[in-house]
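Heavy-atom basis, side chains included; hydrogens, waters and symmetry copies ignored. A, B, ... follow the sequence lines: proteins, then strands. Residue 1 opens every chain.
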Number of protein chains: 2
Amino acid sequence: MKGTTRKEEIITVASRLFEEKGFTAVSVRDIAQEMGIKAASLYNHISSKQEILSSLILKLARDFTKGMEQVQQAGASPLEKVKALIELHIDITVNHSEALAALNNDWMHLQGQDLIDFVQMREDYEENFRNIIKEGIELGQIKPHHPEVILFSILSTLRTLYLWYQKRGKLDVNVLKKDMSEVLLHGIT
Amino acid sequence: MKGTTRKEEIITVASRLFEEKGFTAVSVRDIAQEMGIKAASLYNHISSKQEILSSLILKLARDFTKGMEQVQQAGASPLEKVKALIELHIDITVNHSEALAALNNDWMHLQGQDLIDFVQMREDYEENFRNIIKEGIELGQIKPHHPEVILFSILSTLRTLYLWYQKRGKLDVNVLKKDMSEVLLHGIT
DNA sequence: ACACAAAACTAACGATTGTTAGTTAGATAT
DNA sequence: ATATCTAACTAACAATCGTTAGTTTTGTGT
């Protein structure tokens, strides 16, 4: 691959394995074997197994944080912001579906400052999302249900989209965005 | 506890630890320590660490399968069936929120026939759910979106409900059922 | 041809893993 | 009292874990 460092290759291979079995169940020997080298050789490129996990997760978490900032600054209506967030999740899912498994299932294996930073970003993201929903309710754009139920319903669907996107033969992104927005915003009945 | 065997205690303690760190990251020594005994003593009650996982997961999976059968036999309309399934998930979540983490995140660590059985039950469950949605569309009770998008949207929300139910102070079950049905079926706008 | 850096290798380390064997303490039943 | 059963214990096992040290191979630029 062009422009791909060996380190990035390792992280890509590892994320695929992490998705299958989880961070703890994947040994560095598993990762090495998948790359056709010995386990010790990995350490010419990475400093620890932990580093693979944290660079994987934190990079993605920053993508979500950046996306949320852009949505906030766009100065749109609450409902348009929710739509934009749905599209943000879909874009990231399409481009990093393997890494999302680690973010969802293995974030608790982060250590030290990495763990603190991740949890902070995650809480901030949810809080921002919640506030958008509350604004939408105040403006009458969103039904006056408990904001927490609405937030959870949308977010849990978007967060596990990666599981489902791979299984069904990777359909068109724009169609997916349209269908998901329809179902999540306007319901099924 | 009355009527609770030592084996059941072990499984309960283990499921709580599995939820925190995942099956692979929890050692039998962790489980033993949490029970105030030594690791070897566990083996007076269980035959292996695997047995804890499989009895935990398969029991829950059978609950879902049984629930689906009852819903099918009830002879209600498709929309009422979906409502009944939402309530089924909520009931199971309220009563077994810790074990649901293992079912969702660690099922791939099942081995042999247990793994085969679980995957089969899961596929059957999804197929039944999908057919109910299709019937609902044919009868005009459900909007004619792609059934797969509707199925995924509802199911991913219900499957991760355990994550959210614990965090928010365990609110009333009947209120939860009403709110969830409203949001999932009729949307937020 | 030579030097240098990148990236692989072998070998081994201490720690931890799930599990087994054999034994002992405490309660219950005969 | 004696036997039985349950449930704990200590000690150890082979396997695997992440990681390090030191060495060799491979490719590139001069």
Side-chain angles (χ1 to χ4, degrees), chain A residues 1-58 102 105-115, chain B residues 1-58 102 105-115:
Chain A
M1 302 182 203
K2 208 54 163 307
T4 329
T5 71
R6 202 85 172 109
K7 179 170 178 174
E8 287 168 336
E9 278 186 63
I10 292 173
I11 293 176
T12 300
V13 165
S15 66
R16 199 175 59 236
L17 294 176
F18 292 166
E19 177 175 27
E20 280 177 32
K21 309 199 292 175
F23 173 72
T24 319
V26 174
S27 71
V28 292
R29 285 170 178 83
D30 291 335
I31 300 170
Q33 190 177 40
E34 194 75 7
M35 298 205 58
I37 62 178
K38 298 291 176 180
S41 305
L42 291 174
Y43 288 82
N44 285 318
H45 310 283
I46 58 162
S47 65
S48 69
K49 189 191 176 192
Q50 270 289 320
E51 190 203 356
I52 300 177
L53 186 70
S54 62
S55 71
L56 199 65
I57 292 181
L58 288 180
N105 304 320
D106 290 318
W107 62 267
M108 73 283 282
H109 298 118
L110 291 172
Q111 291 177 349
Q113 192 63 41
D114 288 338
L115 179 58
Chain B
M1 300 181 202
K2 207 57 162 306
T4 329
T5 71
R6 203 82 172 112
K7 179 171 177 173
E8 287 167 336
E9 278 186 63
I10 292 173
I11 293 176
T12 301
V13 166
S15 67
R16 200 175 57 236
L17 294 177
F18 291 165
E19 178 175 26
E20 281 176 31
K21 310 198 295 174
F23 173 73
T24 319
V26 174
S27 71
V28 293
R29 285 169 179 84
D30 291 335
I31 300 170
Q33 190 177 40
E34 194 76 6
M35 297 205 59
I37 62 178
K38 298 291 176 179
S41 305
L42 291 174
Y43 287 83
N44 285 320
H45 310 283
I46 58 161
S47 65
S48 68
K49 189 191 176 191
Q50 270 290 318
E51 190 203 356
I52 300 178
L53 186 71
S54 62
S55 70
L56 198 66
I57 292 182
L58 289 180
N105 304 321
D106 290 319
W107 62 267
M108 72 285 282
H109 298 117
L110 292 172
Q111 291 177 348
Q113 192 62 42
D114 288 337
L115 179 58

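Note: CD1 (A/Ile52) to P (D/dC17) measures 14 Å, nearest angstrom. Atom CD in A/Gln33 sits about 11 Å away from atom P in D/dC17, given to the nearest Å. One atom, CD of A/Glu51, and another, C1' of D/dT19, lie 14 Å apart when rounded to the nearest Å. Look at CG on A/Asp30: it is 14 Å from P on D/dT19, rounded to the nearest Å.
Distance alone, capped at 3.5 Å, places no donor-acceptor pair between the B/Lys7 side chain and the B/Ile52 backbone. Under a 3.5 Å cut-off, the side chain of A/Asp114 and the backbone N or O of A/Ser54 do not form any donor-acceptor pair. Within the 3.5 Å criterion, the main-chain N or O of A/His109 finds no donor-acceptor partner in the side chain of B/Lys21.
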Short N/O separations, protein against nucleotides 6-9 of chain D, under 3.5 angstrom:
residue : atom : partner : partner atom : Å
D/dA8   : OP1  : B/Arg6  : NE           : 2.8
D/dA8   : OP1  : B/Arg6  : NH2          : 2.7
D/dA8   : OP2  : B/His45 : NE2          : 2.7
D/dA8   : N7   : B/Asn44 : ND2          : 2.4
D/dC9   : OP2  : B/Lys38 : N            : 2.5
D/dC9   : OP2  : B/Ser41 : OG           : 2.8

**OP:** Apply side chain to side chain donor-acceptor pair (under 3.5 Å) to B/Ser55 and B/Glu51, showing your working.
**Re:** CA-CA 6 Å; B/Ser55 70; B/Glu51 190 203 356; 5.8 Å; no
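Under the 3.5 Å distance criterion, with hydrogens and angles disregarded, no donor-acceptor pair is assigned to the side chains of A/Thr4 and A/Glu8. Inspection of the B/Ser41 and B/Asn44 side chains reveals no N or O donor paired with an N or O acceptor under 3.5 Å.
Contacts between chain A and DNA chain C, taken as any atom within less than 4.0 angstrom of a protein heavy atom, begin and end at C/dA7 to C/dA12.
Classification of A/Glu9 and A/Arg6 as a salt-bridged pair holds, one side-chain N sitting under 4.0 Å from a carboxylate O.
Residues B/Ser47 and A/Arg29 each lie close to DNA chain C; by heavy-atom proximity, the contact nearer the 5' end of the strand is made by A/Arg29.
Closest approach of A/Leu17 and A/Glu34 over heavy atoms only: CD1-CB, 4.2 Å.
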